Structures are given as structure tokens and as C-alpha cells.
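Here the structure comes first, spelled out in C-alpha cells, and everything after it is commentary.
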Amino acid sequence: MNRYRTHTCGELSFKNEGEQVRLSGWIHRKRNHGNLLFVDLRDHYGITQCVLDCDNDNFDLLSNTSLESVVTIEGKVVVRAGKTVNEKLSTGQIELQVLKAEVLSTAAQLPFSILSDNSDLSEEARLTYRFLDLRREKLHQNILLRNNVISFLRKKMWSLGFNEFQTPILTASSPEGARDFLVPSRVHPGKFFALPQAPQQFKQLLMVSGFDKYFQIAPCFRDEDSRADRTPGEFYQLDVEMSYVEQEDVLNTVEPVILSLFEEFKEEGKTVCASPCPRITYRDAMKIYGTDKPDLRNPLLIEDVTEIFKTAGFSIYEENTKNQMWVRGIKVPGLAEKSRSFFEKLGEFVKKEGFSPLTYLTFLENGEIKGSLSKSLKEDAVSALISKMEIKENDGLVFVSGKGEKAEKIMGALRMLLGKEMNLIDESRYEFCWIVDFPMFELNEETGKVEFSHNPFSMPQGEMEALETKDPLDIYAYQYDMVCNGYEICSGAIRNHRDDIMFKAFEIAGYGHDVVEKKFGGMLHAFKFGAPPHGGCAYGIDRLVMILANESYIREVIVFPFNQQAQDLMMDAPAEVTEAQLKELHIKVDIKEKDKK
RNA sequence: GGGGGUGUAGCUCAGUUUGGUUAGAGCGACGGCCUGUCACGCCGUAGGUCGAGGGUUCGAGCCCCUUCACUCCCGCCA
């Protein structure tokens with residue numbers, strides 16, 4: 001007999017009646033009736049009720065042992081009678097009559113209860129005592145879900161003929177992109193490694209090496225500030241790369257993997273959108289949804305009504321249209337019921353971002369038209385709006401005028417705000433789409449310079465000819481994102497495998513031959529020796545699990561996450577190191593007084 | 001780098017509006033009673049640098065200033 005257990009705490013049923021068994025676990029909860037004691041024993045697998053009365057030699061021991069202490073209990077499996085069955089417990093048909101108990105490890109007073117749900121606890125306490133937080137049901141299940149997701153993805157990728165490789169963690173710093181985490185070299189004074197922001201160049205080199213199909217559950221390191229859906233420091237990607245493929249080949253390979261993942265792990269009662277999921281161009285997404293990661297559960301659409309407002313009689317917008325600004329509107333069913341203060345709130349929201357004024361029309365059931373524009377629009381303009389927007393009773397229209405991406409994003413935020421306020425978002429669906437045709441370059445409005453808008457390794461559509469003949473801002477890249485319920489879950493591209501096109505693209509972004517050679521020499525050099533056309537993508541594993549777990553915060557699916565300030569409160573990292581360590585690394589710290597903490 | 005929110009017992013929070021006796025509750029801890037509970041019940045006890053520092057005041061948890069921590073957002077995230 002194993003010293004600690006013959007069964008787990010989730011295992012026993014009426015089938016084990018009469019057996020003498022041994023369980024080990026944490027004391028989850030006790031109910032002490034004075035002369036009768038119930039102990040709920042918990043392990044990873046479940047909870048089993050153990051019972052003993054005051055005649056039992058172990059009564060005092062178990063009565064006095066604190067919650068969350070680890071004990072071994074030996075006892076006899078007894079089937080519970082009638083009313084005493086607990087339907088809520090998988091082992092609720094039986095209980096263990098205690099014969100012998102041993103305390104393996106006593107728990108000190110807990111900083112928080114393992115029993116309560118985690119919604120009402122400070123992040124600081126949860127992260128400092130993460131090992132206790134992880135004992136709690138919800139977080140424990142989230143982390144298991146993560147394990148299952150990763151297992152599913154690995155099996156799926158292997159079955160599709162992809163090979164998994166590990167790429168270096170200590171590598172070279174790269175220009176562009178996020179800030180790097182640097183690691184000093186002891187052997188090479190004054191030189192630094194960087195932790196990879198993604199295994200981008202390595203996976204491309206694996207294609208050049210002839211492995212054809214690669215994937216990796218890859219750690220990625222980016223020194224950027226956190227968000228609810230973005231952990232600072234490090235995260236994991238399902239990193240994928242394939243040779244001899246065009247854009248559609250990549251999309252058609254990975255899309256079924258992800259849709260089947262969601263079919264497998266979706267929450268009960270939820271539906272996954274059908275394959276193939278929609279492909280939306282970046283330009284359309286910005287125009288219709290006001291974002292490059294549209295939440296398609298929201299039925300509201302942004303419509304262009306610039307033409308109508310050119311002659312509608314509302315002078316502010318008329319002026320705007322003469323200055324290349326658009327007027328866009330959102331039709332919202334049921335909006336006519338909303339109070340004036342609701343629209344004022346919307347107006348404030350837009351105004352805060354520097355766009356003003358927000359205007360609106362509501363169409364009451366009695367045919368009356370109200371709203372801030374009801375008096376100022378010409379009659380034929382109103383009819384034009386009614387017919388273009390297919391207005392029905394109780395509908396409302398809100399309008400904003402502006403230009404450029406920033407204004408488009410305001411429309412997008414307004415669309416989501418209205419969707420939420422009007423309860424239009426169908427929480428029971430997972431809606432996916434691909435965003436395609438991202439611009440290769442964009443204009444930095446501060447510097448006036450042309451920059452890469454996304455991945456500099458992407459192949460421009462039209463290849464060399466486009467780079468040589470077109471306005472850089474009109475060139476699209478073979479670059480695509482996959483979006484689920486408003487979260488960007490994947491980003492990828494067909495790569496530029498030609499060194500001549502690469503030099504040209506970097507030249508347009510202001511990088512000279514020498515800089516490109518120095519920074520991407522490894523990969524460029526490889527392209528000189530026969531590089532297959534290739535492309536791929538990378539899914540954010542943490543984010544996928546977060547969506548599947550129906551969590552709003554990415555920390556809820558990471559075992560040992562950083563806090564918002566990128567610190568590990570449990571391990572107390574980052575921390576100062578000894579002078580000797582610094583000396584060996586040829587490093588002198590130079591901290592300004594105001595930056596000291 | 002910027003903006004918002006929060007900080008009171010081990011945990012979750014009330015008290016801050018309008019400054020005024022000894023800062024409260026629930027859970028947890030500890031002690032007592034209780035033989036069928038499963039969020040067991042009942043009685044009692046202990047537990048506080050009101051995040052920290054300074055100021056105003058006869059008097060500050062509450063008002064003012066500074067600062068720290070946590071969190072959400074913007075910037076940033078090829």
C-alpha cells in the first residue's frame with residue numbers, strides 16, 4: 001500500500017463500499033458538531049467527505065488541525081444513506097469513516113480563504129500567494145484548460161505534419177518592434193543578448209533549412225506595458241511557418257485548427273462560427289467597424305453618409321465635407337427610447353477624444369423625429385437617411401464627422417459602447433474573421449517619415465515591381481490577423497524571401513543597406529543560398545485560453561504572472577544583484593535619484 | 001510618459017458627504033457548547049501605524065500638500 005494514498009479524493013463511489021482506503025490531501029473545510037466531525041479532504045481530483053466521532057482516537061488531532069493542512073487519512077468507504085447524500089459532490093454518494101489520520105504538513109493562518117471566489121481579492125495578495133490562489137477552483141481549472149489547449153494544439157499540428165523545434169532564448173536585439181529585454185554577456189564585455197520578441201528569424205531560417213513545416217509553443221519577450229488582455233514581459237505563441245505557400249494556404253491550414261480548438265473547449269451552450277470565417281480587408285474593417293479587430297458579435301455597422309450631409313443643411317458637417325472630412329453614422333435599434341442624458345454621455349465620450357459634436361436623430365413610434373439634428377436637417381436629407389439606413393420605428397442614428405484613422409477608431413469605440421449599452425452583443429457566440437491586406441507602410445505623423453506598419457519581413461503585394469513603381473502608402477502586404485470576439489488572436493504574413501526586395505523595402509522605411517546587413521545579416525545571408533517562398537503566423541496562446549475560459553484578464557490563465565508593473569511578487573523579481581555579479585558582467589548601474597525605488 | 005480608480009482588522013467592506021466620546025460588520029483565527037453536516041448552528045474572546053510623511057485645527061480615518069503601493073485606460077505593443 002502506498003504510504004500516502006490508494007485513491008484520489010475524486011475517485012471513490014458506491015462501488016468501493018466497504019474497502020479500506022487511504023487518501024491524502026488538504027483539509028478543505030471542517031464541520032465540527034462537537035462530538036461529530038466532518039472533514040472535507042481535497043486534492044487535485046476532487047473532494048471526499050471524511051467523518052469521525054469523539055470516540056475516535058484521531059478526533060482531537062483532526063479537530064485541531066487548521067484548514068489547508070495536508071493530511072493522510074485512512075478509513076473505510078461507507079455508502080451514505082438517504083438524506084445524507086450530497087448531490088453537489090462527485091463523491092457525494094460515499095464518505096470515509098476515519099480509522100487513522102496523520103498530519104503531513106500544518107498550514108499557518110491563511111492570508112485569504114481558498115473557499116471564496118477570487119473576484120473580491122486584491123491582485124497583490126493573489127500574486128504574492130499565487131500558490132494558494134492556484135488551489136482555488138476557478139484558477140485551478142483555468143490552468144488545466146491551458147494544459148488541455150496546448151496538448152490539443154500540439155497533437156493537431158503534429159497530425160498535420162508540422163515539426164516542433166526549440167529556438168534560442170538568448171539571441172540578438174532587433175530594431176523595430178517592442179523594447180527588448182537585454183542580457184549582458186560576461187564573455188564579451190559591453191555586448192548584450194536580447195530575449196526574442198518572437199522566434200521570427202529562426203522560423204524563417206528553419207524554412208531555408210528545408211524543414212518545410214514548423215511550429216512551436218514559443219515563449220516571446222517584449223518589454224511593453226500591460227493591459228487587461230496583455231501580460232507584460234513574456235507570453236506564449238503557437239508559432240507556425242510553412243514553405244511553398246500563398247496567403248490562402250496558410251489561412252486554410254490554421255483556421256480549421258483554431259475553429260476545432262474552440263469546438264473542443266467552448267463553454268457549454270456557445271456556438272463557433274462556421275468555416276471559412278469572413279475575410280475583411282484592413283480598409284473595410286476600419287471603415288465599417290472602426291477597428292482592425294472587430295467584434296462581429298456586435299450587429300452595429302458604421303455607414304458613410306458624407307454625400308447626404310454635403311447638402312443636408314447642417315453647417316458644421318457641411319464645412320467639414322469641404323475639408324475632406326467624412327460623416328459617418330451608426331443605426332441603433334431601440335435607441336429612440338434613450339433619454340437625452342444618454343446622448344449627452346455619448347457626446348462627452350466623443351468630445352473627450354477631441355471630436356465634436358456628436359449628433360443624433362431618433363425615430364419615434366408615432367412617426368415623430370427627435371434629436372439634436374431634427375430641426376437643422378432639410379427634409380429631403382432626412383428622407384435620404386431614412387432610406388439609406390433602412391430606418392424603422394424606434395431606431396436611432398448617431399453621427400460623427402472626422403478624418404483619418406484616429407477618428408475611425410472613435411467610431412469603432414462608439415460602436416462598441418452602443419452595442420454594450422443597448423445589450424446587442426450576443427455573448428453565446430465565438431465570431432472569427434481574418435483581417436487581410438494590411439498596408440505595408442504608414443506615415444508617421446510626427447516625423448513625416450514612412451515606416452513599416454507591421455512586420456518588416458512581410459512580402460509586399462506586387463513584390464519588387466510595387467516597391468519600385470507605387471506610392472509606398474498604397475502598397476499592401478501579404479499580412480493578416482485573425483480576430484475572435486474583438487480580440488486579435490493571431491498575426492501572420494507571407495514572408496519576403498528575396499534579399500533584393502528586402503533591401504528595397506527597408507530602404508523605403510529609411511534603413512540603409514549597411515544597417516539591414518548588420519541587423520538581419522543572419523537571415524539575409526541565408527536567403528542568398530536558395531530560400532523557399534514561405535509564410536506563417538502566430539497565435540497568442542494566453543489570449544486563446546483567456547477567451548475560452550471566459551476571463552477578462554489574461555493573468556487568470558497564466559500560472560505565475562507578473563503584476564501590472566512587470567514584477568513577480570511571489571519570487572520578488574526583478575531584484576538587485578551583488579556588486580560582484582555586476583562586476584563580472586562589466587556593468588555599472590547609473591540610477592538617477594528620482595528613479596530610485 | 002500621461003489620465004482615472006482604490007488603499008480602514010488575516011480577508012471582504014462600512015464609516016469620509018457635514019472633522020467631535022472608546023473606529024464598526026461579515027468571514028477567518030482563538031475559546032466554549034453541540035452526534036449527520038456538507039457555506040453546519042449557537043455563545044464568547046482577541047485582533048487596527050485607518051498605506052506612509054507633513055500641514056490646518058482645541059480636535060483628523062474624514063480637510064490640504066507630498067509620497068508609496070495596487071489596479072484600469074491612453075501612449076507603446078515590427
Side-chain angles (χ1 to χ4, degrees), chain A residues 28-41 47-56 59 63-64 66-68 78 80-89 91-92 95 97 107-129 132-133 174-180 197-198 200-201 220-233 235 352-354 406 409 413 438 440-442 446 451-458 477 479 488 491 493 505-506 509 511 519-520 538 540 552-553 555 563-565 567 569 594-597:
Chain A
H28 186 62
R29 187 183 268 132
K30 287 191 289 188
R31 289 172 297 283
N32 193 342
H33 293 235
N35 292 313
L36 180 71
L37 173 66
F38 295 99
V39 176
D40 288 345
L41 195 65
I47 291 174
T48 300
Q49 172 169 288
C50 306
V51 62
L52 67 166
D53 65 23
C54 52
D55 300 333
N56 194 302
F59 189 84
S63 293
N64 295 327
S66 55
L67 294 185
E68 293 304 310
V78 177
R80 298 204 212 174
K83 277 197 305 193
T84 65
V85 170
N86 185 348
E87 305 282 355
K88 283 185 261 177
L89 223 53
T91 60
E95 64 191 2
Q97 269 185 350
Q109 182 172 352
L110 301 164
F112 52 77
S113 167
I114 307 302
L115 300 163
S116 64
D117 74 21
N118 47 24
S119 58
D120 50 8
L121 267 182
S122 76
E123 285 294 316
E124 197 172 359
R126 293 183 59 200
L127 293 176
T128 306
Y129 297 95
L132 291 180
D133 199 15
S174 66
E176 298 274 328
R179 280 182 289 268
D180 284 318
Q197 296 187 23
Q200 183 65 34
Q201 293 185 66
C220 303
F221 305 89
R222 295 179 193 175
D223 186 5
E224 292 299 331
D225 292 333
S226 79
R227 288 290 182 275
D229 67 343
R230 197 175 75 197
T231 170
F235 61 97
K352 212 173 57 189
E353 301 294 332
K406 200 181 164 205
K409 283 183 179 167
F438 279 84
M440 183 82 192
F441 302 100
E442 65 189 11
E446 278 172 32
E451 297 178 344
F452 287 112
S453 58
H454 288 86
N455 188 326
F457 307 111
S458 302
Q479 164 98 38
E488 180 194 316
S491 192
F506 271 95
Y511 293 92
K519 288 297 178 186
F520 305 109
S552 306
Y553 302 106
R555 284 187 298 266
N563 68 358
Q564 163 124 24
Q565 274 83 351
Q567 297 165 293
L569 295 177
K594 73 176 175 68
D595 289 331
K596 272 187 185 163
K597 289 208 172 174

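Quick caveat, the model's predicted, so the values are computed rather than measured. Order of the sequence lines sets the chain letters (A, B, ...), proteins ahead of strands, with each chain counted from 1.
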Using a 4.0 Å heavy-atom cut-off, does A:P456 contact any base of the nucleic acid, only the sugar-phosphate backbone, or nothing at all? base
Using atom C1' of each nucleotide, how far apart are B:rU66 and B:rU21 to the nearest Å? 32 Å
At 4.0 Å (heavy atoms only), tell me whether A:Q201 reaches a base, stays on the sugar-phosphate, or touches nothing.
nothing
Will you find, in the side chains of A:D180 and A:Q197, an N or O donor that is under 3.5 Å from an N or O acceptor? yes
Of the listed B:rA39, B:rC38, B:rG75, the closest approach to the A:K88 side chain comes from B:rA39
**Sugar-phosphate, base or nothing in reach of A:Q200, heavy atoms under 4.0 Å** = base
Is the number of heavy atoms from other residues, nucleotides or ligands within 6.0 Å of OH (A:Y129) greater than 12?
no
Practice prompt. Give one of base, sugar-phosphate or nothing for A:E124, where a contact means two heavy atoms less than 4.0 Å apart.
Written response: sugar-phosphate
Separation of B:rC38 atom P from A:L36 atom CG, nearest Å, is 12 Å
Quick test of the criterion, 5.5 Å between centres and less than 30° between planes. Is A:H33 stacked on B:rU37 or not?
no
Pick base, sugar-phosphate or nothing for A:V85, based on heavy-atom distances below 4.0 Å to the nucleic acid. base
Exercise for the section: Would you tell me if any nitrogen or oxygen in the side chain of A:R31 comes within less than 4.0 Å of OP1 or OP2 on B:rU35? Expected result: no
Taking B:rU71, B:rU37, B:rA29 as options, the one with an atom nearest any side-chain atom of A:Q109 is B:rA29
Between the protein and nucleotides 2-9 of chain B, list the N/O to N/O atom pairs that are separated by less than 3.5 angstrom.
none

With a 4.0 Å cutoff (strictly under), does any side-chain N or O of A:Q565 reach OP1 or OP2 of B:rC70? yes
Exercise. Expressed as a whole number of Å, how far does the C1' atom of B:rG48 sit from that of B:rC43?
Worked result: 25 Å
Those residues at least two apart in sequence (or on a different chain) that pass side chain to side chain donor-acceptor pair (under 3.5 Å) with A:D229 are none
